[in-house]
Amino acid sequence: MSTTRPYPPGDLGPESDGAAAGPSAPPSGQARTLRLTGASGVVPSARDFTREALREWGWLPAASADQRAAAEDVLLVVSELVTNACLHAEGPEELRVSRHGKVLRLEVADLGAGNPAPRTPHRAGRPGGHGMFIVQRLCLDWGVVRNAQGAGKTVWAELAAPS
């Protein structure tokens, strides 16, 4: 798990002037939330939802190979985070996609008790167990925040905007 950004979802940490930042809300139109509780087909639904947000924010249609690769990375990370919640955490509760300047943040809330982590050692030739390794490799940073009100957690990941 990431240890470089221990901030809760929605809080991007200290501001550049050193002052502490409270939870930051992106400007209107810069965040989308999808409830996934009890839904079927949550992975394709999450990808479609995220793809639409990327269209609204101008990431798609991609004008270059780099922009297309950045959008594909976002969709892959969404798939991995939601799939992990399905397999290891009693299913995802919610997906939140937000944009903060040149950073896109993905958050998947679930009721699970475990902490996701890349399998070590990573064995590329074996089936399964690659999800969090993929997240770690593609993202600027990622982490887990436990729900203070009880069971559950939010797994978050941040990716850079396409150049």
Side-chain angles (χ1 to χ4, degrees), residues 1-2 4-15 21-112 115-116 131-132 134-163:
M1 176 174 57
S2 170
T4 59
R5 299 273 312 276
Y7 322 121
D11 181 355
L12 297 179
E15 301 212 23
S24 61
S28 177
Q30 302 299 298
R32 306 284 184 277
T33 302
L34 175 65
R35 292 290 302 158
L36 296 168
T37 306
S40 62
V42 293
V43 175
S45 294
R47 286 177 63 89
D48 291 345
F49 175 81
T50 304
R51 188 177 292 110
E52 185 57 34
L54 294 178
R55 275 191 198 102
E56 290 176 20
W57 296 335
W59 287 42
L60 292 172
S64 70
D66 286 344
Q67 290 174 337
R68 187 171 30 264
E72 289 172 2
D73 287 351
V74 169
L75 297 173
L76 178 56
V77 171
V78 164
S79 296
E80 294 299 338
L81 294 178
V82 173
T83 298
N84 265 6
C86 290
L87 294 175
H88 306 294
E90 304 171 30
E93 297 284 305
E94 183 177 272
L95 166 65
R96 184 167 194 259
V97 182
S98 58
R99 186 176 78 165
H100 309 271
K102 296 218 172 245
V103 174
L104 186 101
R105 186 175 177 103
L106 306 169
E107 300 172 7
V108 176
D110 65 55
L111 296 176
N115 271 334
M132 294 312 294
I134 290 168
V135 170
Q136 184 177 46
R137 292 291 300 253
L138 294 179
C139 294
L140 297 170
D141 204 359
W142 71 278
V144 177
V145 176
R146 305 296 319 170
N147 185 350
Q149 288 77 32
K153 64 185 174 298
T154 298
V155 181
W156 58 267
E158 295 176 340
L159 295 98
S163 48

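All values below were derived from every heavy atom in this structure, side-chain atoms included, with hydrogens, water molecules and symmetry-related copies excluded. All residue numbers in this chain count up from 1 along the given sequence.
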statement: Those residues at least two apart in sequence (or on a different chain) that pass side-chain contact (heavy atoms from CB on, under 4.5 Å) with E72 are R68
message: Could you walk me through whether V97 and W57 satisfy the side-chain contact (heavy atoms from CB on, under 4.5 Å) test, starting with their C-alpha distance in whole Å, then the side-chain angles of each, then the deciding distance to 0.1 Å, before giving a yes or no?
response: CA-CA 11 Å; V97 182; W57 296 335; 3.7 Å; yes
- request: Answer whether the closest heavy-atom distance between the side chains of V155 and N84 falls below 4.5 Å.
  value: no
- request: Apply side-chain hydrogen bond (donor to acceptor under 3.5 Å, both in side chains) to E90 and list each qualifying residue two or more places apart in sequence or on a separate chain.
  value: none
- request: Run through R96, R99, E56 and flag the one making a side-chain contact (heavy atoms from CB on, under 4.5 Å) with R32.
  value: E56
- prompt: Taking all non-hydrogen atoms of both residues, which atom of S98 and which atom of H100 are closest, and how far apart?
  reply: OG-NE2, 3.0 Å
query: Got a sec, which pairs hit salt bridge (Lys or Arg N to Asp or Glu O under 4.0 Å) with one end in residues 36-51, sequence neighbours left out?
result: D48-R51
query: Of all residues at least two apart in sequence or in a different chain, which pass the salt bridge (Lys or Arg N to Asp or Glu O under 4.0 Å) check with R146?
result: none
- prompt: What heavy-atom pair brings D110 and P92 nearest, and what distance separates the two atoms?
  reply: CB-CA, 4.2 Å
query: With sequence neighbours left out, what residues match A157 under side-chain contact (heavy atoms from CB on, under 4.5 Å)?
result: V77, L81, V135, C139, W142
query: About how many Å separate CG of L95 and CD of E93, when rounded to the nearest 0.5 Å?
result: 12.5 Å
task: Measure across A109 and T154 and return the closest heavy-atom pair with its distance rounded to 0.1 Å.
output: CB-OG1, 3.8 Å
query: Is atom CZ of R35 surrounded by more than 12 heavy atoms (other residues, nucleotides or ligands) closer than 6.0 Å?
result: yes
- prompt: What pair of heavy atoms forms the shortest contact from V144 to W156, and how long is it?
  reply: N-NE1, 3.8 Å
message: Quick check: closest heavy atoms across L104 and W59, and the distance to 0.1 Å?
response: CB-CH2, 3.7 Å
- prompt: Can you list the residues that meet the side-chain contact (heavy atoms from CB on, under 4.5 Å) rule with S45, with sequence neighbours excluded?
  reply: none
- prompt: What distance do L75 atom CG and L106 atom CG have between them, rounded to the nearest 0.5 Å?
  reply: 9.0 Å
Heavy-atom pair of closest approach, residues L159 and L140: C-CD1, 3.8 Å
- request: Would you give the length of the straight line joining atom CG of L76 to atom CZ of R137, rounded to the nearest 0.5 angstrom?
  value: 12.5 Å
